[in-house]
Chemist: 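Before we start, here is the structure in question, set down as structure tokens.
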Amino acid sequence: MIENRYFFDSLYGRITFPKYVWEVFHCTELQRLREVRLCNINSLCLTGSANINRYEHSIGTAYLALINTDANPWGMNNEIKRLIVLAGLLHDIGSGSFGHSLQYILSQDGFEHEGIENVISYKKRTNNDGFIYQNTKTEPLYFGLLRNLDMLLPKEDWNTIINLVKGKGEYGPLINGTMDLDNIDNVYRLSYHMGLRVDPSNPINLAKSIFIRGGKLIYNNPEKKYLRDWYQTRVNLYNYLLLNPDDFSAKCMLQEAIEIAREEKQFVNWNYVDYEMLQKMNNMSAEISQIVSRLMIGDLYGCLGIFSVNNIDSNKKFKIYKNRILLEKEIENYISRMYYSLKNPKIKIHIIQDINKTHRRIQIEDIYGKEIEIGKEVNRILVGIFLKNKIYNMDNIPSQWINEKHGYKLAEYIKEKFNDRTATEMELYEK
């Protein structure tokens, strides 16, 4: 019966798995991912990406891992094949709601989304940094259900799976590296759902072409087009995900709500699924509820500009909530002086790290030891400046601000505050 069961995947079509995958398939930790988005926001304008879940992505990553291990030209024993596939399947079980949006804030308290050993264990309730993953043995993980993955696999498997998820050990780079099966599926899956044209055979051919030999990632295919296609698809995707001003605004609002909850000592659990977290926050303070309500109907903060800043060290200062609040007050005063007809501006800043996201330099060897290099490095932060005033939402940015191009004056201010004379204003909605 199990031999005939299948998944029908939007990207790869009909997928079948060995019995050992079905044996862990019903675990609470994996099934929770059906209610956790792959994206960091429930997007208003990138609609195709809005509702892909991490469960679908986990199935896709496990499938690429199965293809990869079966195609290994130097052979692999069945046990390590099994563990690589399971690592692909389970690599995201430690993801919080809305992915990196929550992770960015909880990481300040010690949260590790790749620390799956803290998710599965009944005994270890906190990690070394003191972050609480589980209060009691009887604390539900999802839908009132307890963790049960720990009982479905032998304890000796876990060290290998945990190391693979963290990119450690001989085969770790296949799951977590500069170019890995996780990111290959992520890039093509999101691109496909967003409506970017992709060839579904490319991720499969790529999975058949990358291997580990002597601790190095090797590309074993005379056709370099699969590498180039993945890289260009990745560039196109991340430019939309990181630079779309509506998405940027929504991430700003979600992070603000979570940060206020943290400052108010309101409890935001890492394992809330997306809708559950929004419901919980909607029942917190009036300020948090108002932000969440606006977010849910797409009444987004108005974007005054997105700025590229190369001095990434400045983010250390403004990562601190209180420092950002002070800067927001300064910008409010600056704008009030510069643009007197914009009454009582309420400013919110959102910073996204773009470290090898919109671009990435890939160095990989072919089977003959010849180095292949694709792409370039990017190391910057993206600083979004938004108006919280309800009358100045994304549908109603003051026309005078746009027509008189006040953004360039704001860019000069950003250069000063972030100590970077190379800071530039990004063109909104560029192709």
Chemist: Can you list every ring pair (Phe, Tyr, Trp, His ring centres under 6.0 Å) pair that touches residues 55-81, not counting sequence neighbours?
Modeler: Y12-Y63, H57-H91

Chemist: Any side-chain heavy atom of L243 sitting closer than 4.5 Å to one from M426?
Modeler: yes

Chemist: Pairs in or reaching into residues 282-304: which pass ring pair (Phe, Tyr, Trp, His ring centres under 6.0 Å), with residues at least two apart or in two chains?
Modeler: none

Chemist: Looking only at non-hydrogen atoms, find the nearest pair between D246 and C45 and report the distance.
Modeler: CG-SG, 3.6 Å

Chemist: Scan residues 355-388 for pairs that pass ring pair (Phe, Tyr, Trp, His ring centres under 6.0 Å), counting only residues two or more places apart or in two chains.
Modeler: F248-F386

Chemist: I need the minimum non-hydrogen distance between L11 and V198, along with the two atoms involved.
Modeler: CD1-CG2, 4.4 Å

Chemist: Would a distance-only check, ignoring hydrogens and angles, find a side-chain to backbone donor-acceptor pair under 3.5 Å from D354 to R380?
Modeler: no

Chemist: I need the N186 CG to R54 CZ distance, nearest 0.5 Å.
Modeler: 7.5 Å

Chemist: So, E139 side chain and N135 main chain: donor-acceptor pair closer than 3.5 Å or not?
Modeler: yes

Chemist: Please answer whether the main-chain N or O of D420 pairs with a side-chain N or O of N311 as donor and acceptor at a distance below 3.5 Å.
Modeler: no

Chemist: Answer yes or no: is there a donor N or O on one side and an acceptor on the other, between the side chain of N205 and the main chain of S201, under 3.5 Å?
Modeler: yes

Chemist: What distance separates F131 CZ from D109 CG, expressed to the nearest 0.5 Å?
Modeler: 7.0 Å

Chemist: Check ring pair (Phe, Tyr, Trp, His ring centres under 6.0 Å) between F25 and all other residues, then give those that pass, not counting sequence neighbours.
Modeler: F7, W22

Chemist: Would you give me the side-chain donor-acceptor pairs under 3.5 Å for residues 168-179, sequence neighbours excluded?
Modeler:
| from | atom 1 | to | atom 2 | distance (Å) |
| --- | --- | --- | --- | --- |
| N176 | ND2 | E114 | OE1 | 3.4 |
| N176 | ND2 | E114 | OE2 | 3.1 |
| N176 | ND2 | V165 | O | 3.0 |

Chemist: F418: what forms a ring pair (Phe, Tyr, Trp, His ring centres under 6.0 Å) with it, not counting sequence neighbours?
Modeler: F318

Chemist: With a 3.5 Å cut-off and no angle check, do the side chains of T358 and N239 form a donor-acceptor pair?
Modeler: no

Chemist: Kindly determine whether D70 and K208 satisfy salt bridge (charged side-chain N to carboxylate O under 4.0 Å, His left out), including the steps that lead there.
Modeler: CA-CA 8 Å; D70 282 344; K208 292 178 180 178; over 6 Å; no

Chemist: N53 vs V36, test: side chain to side chain contact (heavy atoms under 4.5 Å, CB included). Steps then yes/no.
Modeler: CA-CA 5 Å; N53 56 49; V36 178; over 6 Å; no

Chemist: Charged N to carboxylate O below 4.0 Å: is that the case for K224 and D366?
Modeler: no

Chemist: Short question: side chain of R213, backbone of I367 - any donor-acceptor pair under 3.5 Å?
Modeler: yes

Chemist: In Å, rounded to the nearest 0.5 Å, how long is the span from CZ of F211 to CG of N72?
Modeler: 5.5 Å

Chemist: Using the side chain to side chain contact (heavy atoms under 4.5 Å, CB included) rule, take S10 and R189 through it: C-alpha gap first, then chi angles, then the decisive distance, then the call.
Modeler: CA-CA 8 Å; S10 59; R189 187 168 300 281; 3.7 Å; yes

Chemist: Can a donor-acceptor pair be found, under 3.5 Å and without considering hydrogens, that links the side chain of R32 to the backbone of N271?
Modeler: yes

Chemist: Which atom names give the shortest non-hydrogen contact between Q266 and S285, and what distance separates them?
Modeler: NE2-N, 4.1 Å

Chemist: Just verifying a value: how many Å separate I162 CD1 and L90 CG, rounded to the nearest 0.5 Å?
Modeler: 10.5 Å

Chemist: Using a strict cut-off of less than 4.0 Å between a Lys/Arg side-chain nitrogen and an Asp/Glu carboxylate oxygen, indicate whether R82 and E79 qualify as a salt bridge.
Modeler: yes

